[in-house]
Amino acid sequence: MKRRILNIACIGAGYVGGPTMAVIADRCPHVSVTVIDLNEARIAAWNSDTLPVYEPGLDEVIRRTRGRNLRFIPQREGAAAVAAADAVFISVNTPTKTQGAGAGKASDLGYVEACARYIAEHALGHTIVIEKSTMPVRAADTIKRILATSPRVGTFDVLSNPEFLAEGTAIRDLEKPDRVLIGGETPAAVDALAEVYAHWVPDQAILRTGLWSAELSKLAANAFLAQRVSSINAISALCEVTGAQVEEVAKVLGTDTRIGPKFLKASVGFGGSCFKKDLLSLVYLCEFYGLTEPAAYWQSVQDLNEWQKRRFAQMAATHAKKQGGVVAVLGLAFKKNTNDFRESPAIDICNYLLAAGVRLRLQDERVDPHMFGAVLVDDHKAGFDFFCEAAEAVRGADAILVLTEWDQYATLDWRKLSTVAAPGVMIFDGRTVVDPVAASAAGLPVFTVGIGAAK
Ligand code: UDX
Ligand code: UDX
């Protein structure tokens, strides 16, 4: 039977659910979209002028859609929206398990299971349930099992439609995706979801696969991207000791069409809510199926990332401790153009420095200082303070670490900053964003990841 999706509900108003539903509502004015979340403060923020997610372009999309065919409501008011929905997206977080089988590696499906129970309880008629959150392979089995317990006479299809948006470019990625992936077993359900995306995505960019391929493709895509970052970061360390320049090497690699130019930027390590979680989930899946060598291979991508962060922190701590023991950290977000700092390299590096007894002066143009302060561990009472301006943060600093590639760090006035930093200050650029010529002209030595110390 041909199905049409005219009513959508989405559980989870986070970095993924919010922007994704906003773009669907924008491109499909005939579809009514309701986003539901347990967190009422978050829903209130989505209904205010200060959205809970910072994404370039998001404000305009929300302005066009909110109150028209897009609304945000708390979960306690969500039953009717689920009952009316032709399709319900599950877009809640799937953190790494902290206890039970697979603790430390496997993804925790607790929230997803709770969503499936909520849908089972309230859905009416035929409902297409769509995995938007990244799931381990065969998670759809779990969802189907729970839906089968529905007290109502409703029927269900389960699809996997993983998101490929990157934070900071989420709206662009959603409006012009490389591809949309829909995995499912029932062609009518797959077609119904494809018809929604077809309002703005060309048909050849809508890929249809089986459920398990779709679930695994998402994990594999993130693992491949993370693997490229770890590969270039492994090369970055070799560049620093041999005199090779990582940007030159990356350019050469990237012009080989078989390799391609993206995801070859050396850094202080990858962060974000997905790469580590998805790598560990893949490692766990391999181990679960007795695939020891593939498990070790993907684990090594994560291990290299930890090493890259640690060696950078060690270098900065050693330099700062030879002097007054004060470090300025510029950039806390896991990448530019987002307020998100989940798994940001800045967290581990700051905690390493605090444990080494270094006092921190922190600055980021978007990250909430209270929230970031809450993830720092300062058992030694080394101390940390937040500043609005980079020029304030570097005051009295013995080392300046640049950990996010915010545009403003490319044009810092190093001559002015050199007058307020401590004598003997050194810049440690973990993002190849600082202008080494300007810094050197101001008499400041710079260590750049993948390049080493400026001569
Ligand atoms: C998350 C995962 O991190 C990612 O792997 C997955 O692909 C999509 O979901 P994100 O949107 O960034 O991504 O997560 P987050 O910003 O934490 O948003 C999840 C939202 O779900 C939160 O607002 C949370 O309150 C809500 N939630 C969680 C519910 O509404 N109900 C629940 O049962 C659990
Ligand atoms: C990622 C995937 O790109 C996206 O498709 C998926 O849906 C969610 O996970 P995201 O984590 O938002 O998106 O950002 P991404 O641009 O992938 O960056 C991840 C981390 O890798 C960041 O810390 C970034 O700074 C780092 N990175 C990226 C590098 O260090 N070098 C690069 O060349 C690229």
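Heads up: numbering here begins at 1 and tracks the sequence. From a predicted model like this one, the values you see are computed outputs, not experimental measurements. Both ligands and their constituent atoms are indexed starting at 1 by order of listing.
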Checking side-chain polar atoms at under 3.5 Å, does Asp157 have a donor or acceptor matched by the opposite partner on Thr186? yes

Is there any N or O on Ala114 that sits under 3.5 Å from an N or O of ligand 1? no

Can Arg366 be said to sit on top of Tyr54's aromatic six-ring, NZ or CZ under 6.0 Å from centre and within 45° of the ring axis? yes

Tell me which residues fall inside the under-4.0 Å heavy-atom shell around ligand 2. Glu163, Phe164, Leu165, Ala166, Glu167, Lys218, Asn222, Leu225, Val229, Phe263, Leu264, Lys265, Ser267, Phe270, Gly271, Cys274, Phe275, Phe334, Lys335, Arg431

Could you go through the side chain to side chain contact (heavy atoms under 4.5 Å, CB included) check for Asp108 and Thr96 one step at a time? CA-CA 6 Å; Asp108 187 343; Thr96 302; over 6 Å; no

Tell me whether Arg66 forms a cation-pi arrangement with Trp46, defined as NZ or CZ under 6.0 Å from the six-membered ring centre and within 45 degrees of its axis. no

So, Asn339 and Tyr15: side-chain donor and acceptor under 3.5 Å apart, yes or no? yes

Any donor-acceptor pair under 3.5 Å linking the side-chain atoms of Ser281 with those of Lys105? no

Would you mind running through ligand 1 and noting each atom that sits below 4.0 Å from a heavy atom of Asn39? 25 (O)

Could you tell me whether some N/O pair between Leu38 and ligand 1 is separated by less than 3.5 angstrom? yes

Have Trp406 and Asp364 got a donor and an acceptor in their side chains that come within less than 3.5 Å? yes

